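Before any comments, here is the structure.
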Amino acid sequence: MLELKNVSKRFGGVVATDDVTLDVKRGEVHALIGPNGAGKTTLIGQISGSLGSDSGAILFEGRDITHAAQHDRVRSGLARSYQITSMFKGFTVLDNLALAVQARSGSSFSFWRPVLEETLLFDEARTIAREIGLAGREAAIAASLAHGEQRALEVGLALATHPRLVLLDEPMAGMGPEESEDMIALLKRVRARVTLLLVEHDMDAVFRLADRISVLVSGRLIATDAPPAIRAHPEVRKAYLGEDATA
């Protein structure tokens with residue numbers, strides 16, 4: 001579904017991503033892990049289009065999107081959530097989701113449009129709220145939500161674009177154990193209909209969710225494999241998991 005060929009990005013003299021080649025298969029949860037500063041968020045930015053690439057190519061479903069604008073990538077079925085929650089915090093849960101649906105559908109909330117069209121828009125927003133575990137919280141102001149609920153809402157905003165691939169940048173950042181369990185359950189539900197590329201530091205979540213794991217260290221990809229093989233990989237153990245990691 002997604003293919004990166006020799007992708008690189010520099011910031012002055014700093015090499016953030018260095019000749020990265022990897023693929024994400026349709027229907028899988030593919031995790032991208034590595035130490036802080038490894039280049040993971042930069043690579044997600046290159047895939048989503050928020051950052052350009054200095055070299056290499058990015059293909060989505062066989063189409064070269066290396067130089068495509070970010071909104072064009074979203075329209076083609078590639079969505080992203082961010083490390084820091086990104087939403088209209090003064091709006092309700094339902095309004096946030098409805099705006100995301102509206103952006104995809106082209107509805108303008110115009111008084112001249114048939115009421116049925118706007119009703120369908122809010123119906124879809126309510127369906128997404130149920131899917132992300134926020135049923136009954138539709139009228140809550142986004143800023144009043146708990147941190148885990150805000151992260152779930154952000155996943156919902158991505159789902160509202162009808163993506164085929166979602167890029168998730170540390171969805172469990174800052175969460176306690178209970179919130180993390182809720183997010184894991186949500187991602188297990190979501191994976192039934194979308195492919196996921198997941199950047200995450202919570203190794204328990206990664207090994208529970210991922211079909212394959214890629215490891216990025218100092219901008220370079222050092223391994224891609226199934227979770228058991230990554231646990232046992234000597235370079236990965238030394239660079240990231242630690243020498244005391246158990247198989």
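Keep in mind that this is a model prediction, so the values were computed, not measured.
- Between the side chain of H147 and the backbone N or O of A173 there is at least one donor-acceptor pair closer than 3.5 Å.
- A salt bridge links D169 with R80: at least one charged nitrogen is closer than 4.0 Å to a carboxylate oxygen.
- Both tests hold for R231 against F207: distance to the six-membered ring centre under 6.0 Å, angle to the ring axis within 45°.
- In this structure, the salt bridge (charged side-chain N to carboxylate O under 4.0 Å, His left out) partners of R126, at least two apart in sequence or on a different chain, are D123.
- Side chain of S214 to backbone of L32: no donor-acceptor contact under 3.5 angstrom is found.
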Practice problem: Go through R151 and E154 one step at a time and tell me if the salt bridge (Lys or Arg N to Asp or Glu O under 4.0 Å) criterion holds. | Solution: CA-CA 5 Å; R151 301 314 300 261; E154 189 167 66; 3.7 Å; yes
Exercise. Begin from the C-alpha positions of T127 and R130 and carry the test side-chain hydrogen bond (donor to acceptor under 3.5 Å, both in side chains) through to its verdict.
Key: CA-CA 5 Å; T127 297; R130 288 194 297 273; 3.2 Å; yes
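- For residues 9-19, the pairs satisfying side chain to side chain donor-acceptor pair (under 3.5 Å) are N6-D19, T17-Q46, D18-R220, with sequence neighbours left out.
- Applying the side-chain contact (heavy atoms from CB on, under 4.5 Å) rule to E124 yields the partners V101, R104, I128, H162; only residues at least two apart in sequence or on another chain are considered.
- Applying the side-chain contact (heavy atoms from CB on, under 4.5 Å) test to E61 and every residue at least two apart in sequence or in another chain returns M1, R26, R164.
- The list of side chain to side chain donor-acceptor pair (under 3.5 Å) pairs with a residue in residues 175-187, not counting sequence neighbours, reads E181-R208.
- To the nearest 0.5 Å, atom CD of residue E235 and atom CD1 of residue I222 are 5.0 Å apart.
- Under the side-chain contact (heavy atoms from CB on, under 4.5 Å) criterion, A69 pairs with H71, D72, sequence neighbours left out.
- Without hydrogens or angle criteria, N96 side chain to F88 main chain gives a donor-acceptor distance under 3.5 Å.
- Using a cut-off of 4.0 Å between Lys/Arg side-chain N and Asp/Glu carboxylate O, R189 and E131 are scored as not salt-bridged.
- Residue L2 holds its CG atom at 5.5 Å from CG of L4, rounded to the nearest 0.5 Å.
- Between the side chain of S53 and the backbone N or O of G56, no donor-acceptor pair lies under 3.5 Å.
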